Amino acid sequence: MRILLVEDDRDLSRQVGVALQGAGYVTDTADNGEDAHHLGDTEPYDAVILDLGLPVIDGISVLERWRRDGKTMPVLILTARDRWSEKVAGFDAGADDYLAKPFAMEELLARLRALLRRAGGRATDEIHCGPLRIDTRGARVLLQGSPVRLTSLEYRLLVYLAHQRDSVVSRTELTEHLYSQDFDRDSNTIEVIIGRIRKKIGAERIKTVRGIGYTLISETGA
Ligand code: CA
C-alpha cells in the first residue's frame, strides 16, 4: 500500500515516515500544499495523511481540490488539538478521519488500517485467501497456520494482491503501489518478486493472466 504523507514539521514527518515503513507501507512525502496537491492529483495513493496547517496552500484547500476533481482515496487529517472548527471544516472538505496532535504513533497506524480496511470493504485486519491468512496489523502471513517468511517487498506485493484478490492486477498498477515516487521503477522486477512469492506460498496461488497481470486466487480447491 502506498501512502502520501503531507506534513511540514520535519521531525514529525520523519517519525511518521519511519513508523509507516515499519508497518509495511511505501511512503511519499510532501511538506507544502502545492506539492501535496500535485502528488495526490497524479499518483495513485491508497491513503493520504494530511496535515492542515501547511505552507503555500493549506490542507483544507488541498483536500477540497482533490475531492472536486473526483479523487476518492481515504484521507486522514492531522489537526491541532481542541480546534473543533478545524475538524468540522476537514470533514466538510472530504476527510475520512482525523487525529489531533500530539498523537501516539500506534493510534495513527490503527486509524490508517481502519481506513484501508473500509476502503477495501473488509471487516477485520486479517485477509483470508484460501489457505493464506494475512494479518495486516502484525504484518504477518500464515500459510495453513505456519508463518511464511517474506521480504518487505514481497509482503507489500502480496498484501496488494490480497486486497484485490480474485481480480486481475496489472504490473503497472503493482509498480505504482509498491514503490515510492523517487524509486527507479522497473516493472520487470515485479515478475521476479512474484516468482519468489510463488515459491513460498505455492505457484498455483498466483495466476498469471498473460499480457494483463496477476490474480491471487482465494478459492482453496480451484
Ligand atoms: Ca503544520
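No experiment lies behind these values; they were computed from the predicted model shown. Order of appearance sets the numbers: ligands from 1, and atoms from 1 within every ligand.
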Handout entry: the Ca ion (ligand 1) to nearest N/O/S of Asp8 less than 3.0 Å
Key = yes
Handout entry: Asp96/Arg67 under salt bridge (Lys or Arg N to Asp or Glu O under 4.0 Å): CA gap, chis, key distance, verdict
Key = CA-CA 12 Å; Asp96 299 276; Arg67 295 309 191 216; 3.0 Å; yes
Problem - Residues Tyr25 and Asp46: side-chain donor-acceptor under 3.5 angstrom - result: no
Handout entry: the Ca ion (ligand 1) contact by Asp51, N, O or S atom under 3.0 Å
Key = yes
Exercise for the section: Classify the angle between the aromatic ring planes of Phe91 and Tyr98 as parallel (below 30°), tilted (30 to 60°) or perpendicular (above 60°). Expected result: perpendicular
Exercise for the section: Give a yes or no on whether Leu52 keeps an N, O or S atom under 3.0 Å from the Ca ion (ligand 1). Expected result: no
Exercise for the section: Side-chain contact test, heavy atoms from C-beta onward, threshold under 4.5 Å: evaluate it for Arg122 versus Ile127 and give yes or no. Expected result: yes
